[in-house]
Amino acid sequence: MALVNMRDMLGHAYHNGYAVGGFDLVSLDFLEAIIAAGEAQRAPLILSLAESHFDYYDFELATVAAELAAKRASIPVAIHLDHGASFDSAVKAINLGCNGVMVDASHQAFEDNVALTKKIVSMAHACGVPVEGELGYVAGVEGEDAEKHPGEVIYTSVDEAKTYVEQTGVDLLAVSIGTVHGRMKGEPVLDFERLQKINEALNIPLVIHGGTGLSDQQFHQLIENGVAKINYYTALADAAGNKMRENVSRDDRCGYTGIVDGIQDAMRAEIERCMVNWGSAGQADAVLAVAEAWQPVHHVIIFNVENCDDAQASNMMQQGEKLLSRVPGVRRVLTGNAVQTDAKYKFTWLVEFVHENVIESYRNHPAHVTFADNMFRPVAGDRISIDFRQN
Ligand code: 13P
């Protein structure tokens, strides 16, 4: 079980002068390659799921696979929503198992970016989940030629960054200092002076988007100036694409498995190269020693009903399942009836929270307060509840 709190992971990277890769995945091949590279290099890593890629895979299925892979891993892993577009996206990602979320409101006016980010930070922190904000605009699209999607790069302003972090409470900040998403157009010129000033002003882990195409030396300079997380995708997609083209040119009748043969190894080699270059290789045990293990808490209630029959009790529980499963930080709500007819308690609720913090935020959430006060407590006076952590 090596799913860990991303805030602790990146705090360790920031204070020890290295950067963790936030590798975007779009298939199981990516997931397996990223985990295998981390295991080989004993490197902490972030499995990144970008909302802009949700047209290519089923987000819900992907989070299940990512979570299982993270739990099986012996290295520290976090699961992060990359470029989340809205408050609802952030809630959905947390409830599906992401333990880090990014709000990308960087294209909005400063005040609007602050307002949305602040709202997401308050919700996510109540679930124990750290938040990445973005200020300034990193142009381009992951996996594409940057010149096809030039957009307008807007550099992060030092003063605005200070105000933004103070007002929103984000845990990490993605900055725009000259990188672009996707393949670079020419030699990237990065504004290290600006980055140094931002780092001095903020003192929190910084994030670089558009990692593909930078030189080893540029990565070192980024890390020296506070970058603790590097987002990386296009180079992996290109490594896989090149391998597939090679497979097809060798045998143009090959089917699916023939086409994708070897792409995991091709991506893994590139990921391992990055881990060594960014200094995350060999840091797994040090991170495991300081990072909080990311563990759910189960909220269990066993109860009997009075003043209502079994059909009304069942209806009340069905409504509860629907309402409560939308509360931020709730993974799932299960209800049930005792198998034995002579059991001391006849009904049960099991609500899984993503983190211990949710015990309190769930209790105070308006949906829970309304349901508990109006529908549950009036009929379930005889009850026992417990919040427990798995051993
Ligand atoms: P690249 O695709 O340029 O590596 O950027 C990835 C990224 O920033 C994802 O958020």
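Note that ligands are numbered from 1 as they come in the structure, with each ligand's atoms numbered from 1 the same way. This one's a predicted model, so the numbers in the text were calculated from it and none came from an experiment. Heads up: numbering here begins at 1 and tracks the sequence.
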Task: Protein residue, atom and distance nearest to atom 4 (O) of ligand 1, heavy-atom basis - done: Thr212 OG1, 2.5 Å
- [ ] Do me a favour and list the nearest non-hydrogen protein atom to atom 3 (O) of ligand 1 with residue, atom name and distance?
- [x] Gly182 N, 2.9 Å
Task: Val333 reachable from Ile359 in the ILVMFWY side-chain graph, under 4.5 Å edges - done: yes
Open item on the list: Looking at Glu200 and Lys197, is there a salt bridge between them, counting it only when a charged N and a carboxylate O are closer than 4.0 Å?
Closed with: no
- [ ] Within a distance under 4.0 Å of any heavy atom of Thr234, pick out the atoms of ligand 1 and give their elements.
- [x] 1 (P), 2 (O), 3 (O), 4 (O)
Task: Lys346/Asp310 under salt bridge (Lys or Arg N to Asp or Glu O under 4.0 Å): CA gap, chis, key distance, verdict - done: CA-CA 10 Å; Lys346 205 166 168 192; Asp310 282 8; 3.0 Å; yes
Open item on the list: Check Arg273 with Asp216, please: is the shortest side-chain N to carboxylate O separation under 4.0 Å?
Closed with: yes
- [ ] Using the ring pair (Phe, Tyr, Trp, His ring centres under 6.0 Å) rule, pick out the option among His355, His298, His368 that qualifies with Tyr362.
- [x] His368
Open item on the list: Checking a contact table here: which protein heavy atom is nearest atom 9 (C) of ligand 1, and how many Å away?
Closed with: Asp24 OD2, 2.9 Å
TODO: May I ask you to list the atoms of ligand 1 that are less than 4.0 angstrom from any heavy atom of Gly210?
DONE: 1 (P), 3 (O), 5 (O), 6 (C), 7 (C), 8 (O)
TODO: Could you list the atoms of ligand 1 found under 4.0 angstrom from a heavy atom of Asn231?
DONE: 4 (O), 5 (O), 6 (C), 7 (C), 8 (O), 9 (C), 10 (O)
Task: Side-chain heavy-atom pair His53, Leu49 within 4.5 angstrom cut-off - done: no
- [ ] Could you tell me whether ligand 1 has any atom less than 4.0 Å away from a heavy atom of Gly211?
- [x] yes
- [ ] Find all atoms of ligand 1 within a distance of less than 4.0 Å from any non-hydrogen atom belonging to His83, and give their numbers and elements.
- [x] 10 (O)
- [ ] Return the orientation label for the Trp349 and Phe376 ring planes: parallel under 30°, perpendicular over 60°, tilted otherwise.
- [x] perpendicular
Task: Enumerated ligand 1 atoms positioned under 4.0 Å from heavy atoms of His209 - done: 8 (O), 10 (O)
Open item on the list: Show the atoms of ligand 1 that are less than 4.0 angstrom away from any heavy atom in Val180.
Closed with: 3 (O)
Task: Element-labelled atoms of ligand 1 that are located less than 4.0 Å from some non-hydrogen atom of Tyr232 - done: 4 (O), 6 (C)
Open item on the list: Only heavy atoms of Asp82, strictly under 4.0 Å: list the atoms of ligand 1 that pass.
Closed with: 9 (C), 10 (O)
Task: Ring geometry between Tyr232 and Phe23 (parallel below 30°, tilted from 30 to 60°, perpendicular above 60°) - done: perpendicular
